[in-house]
Asker: 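The structure follows.
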Amino acid sequence: MPARTDTRAVSVPALILAGFVLFAASGCERSTSNDTVPENPVRSGGYTTVFDASENAYSLPAANIPITRRDSFFVGNAFFKQPWVIAPASTDARDGLGPMYNTNTCQGCHIKDGRGHAPAGPRSESVSLLIRLSVPPNEETRKSLGKFDAIPHPVYGGQLQDRAIPRVPPEGRVQVQYSEQPVILADGNQVRLRKPEFKIQD
């Protein structure tokens with residue numbers, strides 16, 4: 001396949017979400033929360049920790065956002081949930097989808113603001129699975145790379161985009177197959193875990 005000009009831009013929803021997260025977390029004072037706080041709480045997120053064990057726990061604002069600033073959180077969360085559409089559109093605040101993408105909403109991958117998940121099997125769609133792409137470094141680039149840096153593929157970029165707007169072919173399609181592997185735990189018990197094998201087709 002011949003190289004093509006990469007017309008993709010940084011994800012607008014991701015930038016908006018990152019901006020609101022930084023806005024909410026920077027310099028906020030601790031505010032009173034209605035959550036029931038344990039007697040000796042373990043605050044994994046410092047004073048941003050929300051004491052909620054329901055399925056909506058990740059969709060709540062940080063506990064230390066003052067009530068006067070929570071409207072910014074809900075504005076950002078609305079962008080997170082709303083679908084983006086192809087431009088031009090009458091909804092110019094949410095247009096610009098494509099030409100290739102992974103899903104048209106942030107929440108399409110991160111259901112209830114949680115993590116994504118792998119497909120159940122080879123016939124399942126990879127709705128919230130992200131495949132990163134890179135090429136091996138050469139001697140010159142190896143010296144300039146940090147520990148976790150990667151070199152994006154020269155044609156496909158840093159991630160595979162398996163969806164596209166009409167009349168534009170997606171970059172490829174992800175297929176996964178699982179094989180069960182026996183694993184012995186530290187306590188001696190044996191369990192069987194699924195080992196995924198990913199393939200990119202089309």
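By convention here, the first residue in the shown sequence is residue 1. Because the structure is predicted, anything quoted here is derived from the model rather than measured. Below, each value reflects all heavy atoms present in this structure, side chains not excepted, and no hydrogens, waters or symmetry copies.
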Asker: Following the transitive rule for hydrophobic clusters with a side-chain heavy-atom cut-off under 4.5 Å over Ile, Leu, Val, Met, Phe, Trp and Tyr, establish whether L145 and V135 coincide in one cluster.
Answerer: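 Same cluster.
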Asker: So, for T49 and S44, which heavy atoms are closest and what is the spacing to 0.1 Å?
Answerer: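 That closest heavy-atom pairing would be OG1-N, 3.6 Å.
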Asker: Counting only N and O atoms by type, is there a donor-acceptor contact under 3.5 Å from the side chain of T141 to the main-chain atoms of P137?
Answerer: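 Checked: no pair found.
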Asker: Mark yes or no for whether N56, through its side chain, and S59, through its backbone, hold a donor-acceptor pair below 3.5 Å.
Answerer: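 Flag not set: sc N56 to bb S59 has no pair under 3.5 Å.
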Asker: Please test D113 against N77 for side chain to side chain contact (heavy atoms under 4.5 Å, CB included), starting from the C-alpha separation and ending with a verdict.
Answerer: CA-CA 9 Å; D113 304 294; N77 202 34; 3.6 Å; yes
Asker: For H117, enumerate each residue passing the side chain to side chain donor-acceptor pair (under 3.5 Å) test, keeping only those at least two apart in sequence or located in another chain.
Answerer: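 By the side chain to side chain donor-acceptor pair (under 3.5 Å) rule, H117 matches S128.
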Asker: Checking E139 now: which residues fulfil salt bridge (Lys or Arg N to Asp or Glu O under 4.0 Å) with it, not counting sequence neighbours?
Answerer: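 Expected list: R142.
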Asker: Taking all non-hydrogen atoms of both residues, which atom of G157 and which atom of P152 are closest, and how far apart?
Answerer: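 In this case the closest contact between G157 and P152 is C-CB, 3.7 Å.
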Asker: Looking at I65 and R70, what are the two nearest heavy atoms and their distance?
Answerer: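 What the structure gives for the nearest pair is O-NE, 3.3 Å.
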Asker: Can we say D202 and R173 salt-bridge, meaning some charged N sits less than 4.0 Å from an Asp/Glu carboxylate O?
Answerer: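 Salt bridge: yes.
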Asker: Check step by step if salt bridge (charged side-chain N to carboxylate O under 4.0 Å, His left out) holds for R192 and E180.
Answerer: CA-CA 6 Å; R192 298 186 70 81; E180 285 198 351; 2.9 Å; yes
Asker: Is any side-chain heavy atom of Y178 less than 4.5 Å from a side-chain heavy atom of V176?
Answerer: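 The answer is yes, as the side chains (C-beta and beyond) meet within the 4.5 Å cut-off.
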Asker: Where is the tightest heavy-atom contact between P61 and V50, given as atom of each residue plus distance?
Answerer: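 Looking at all heavy atoms of both residues, the closest pair is O-CG2, 3.2 Å.
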Asker: Hey, what do you get for CZ (F80) to NZ (K112), rounding to the nearest 0.5 Å?
Answerer: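 Here the interatomic distance stands at 12.0 Å.
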Asker: If hydrophobic clusters are built from ILVMFWY residues whose side chains come within less than 4.5 Å, do W84 and I165 share one?
Answerer: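 Shared cluster, yes.
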Asker: Between E197 and Q177, do the side chains contain a donor N or O and an acceptor N or O under 3.5 Å apart?
Answerer: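 Looking only at side-chain atoms, E197 and Q177 do not form any donor-acceptor pair under 3.5 Å.
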Asker: Do you know which two heavy atoms are closest between V127 and C109, and how far apart they sit?
Answerer: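 Here V127 and C109 meet closest at O-SG, 3.6 Å.
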Asker: Looking at E125 and R163, is any side-chain nitrogen of the basic one under 4.0 Å from a carboxylate oxygen of the acidic one?
Answerer: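 Result for this pair is yes, salt bridge flagged.
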Asker: Report the C-alpha distance between I200 and L133 in whole Å, list the side-chain angles of each, state the deciding distance to 0.1 Å, and finish with yes or no for side chain to side chain contact (heavy atoms under 4.5 Å, CB included).
Answerer: CA-CA 11 Å; I200 300 173; L133 304 173; 4.2 Å; yes
Asker: According to a hydrophobic-cluster definition based on side-chain heavy atoms being under 4.5 Å apart (Ile, Leu, Val, Met, Phe, Trp, Tyr only), do Y101 and F79 belong together?
Answerer: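 In one cluster with Y101: F79, yes.
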Asker: How close do G172 and L160 get, heavy atom to heavy atom, and via which atoms?
Answerer: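 It is N-CD1, 4.1 Å.
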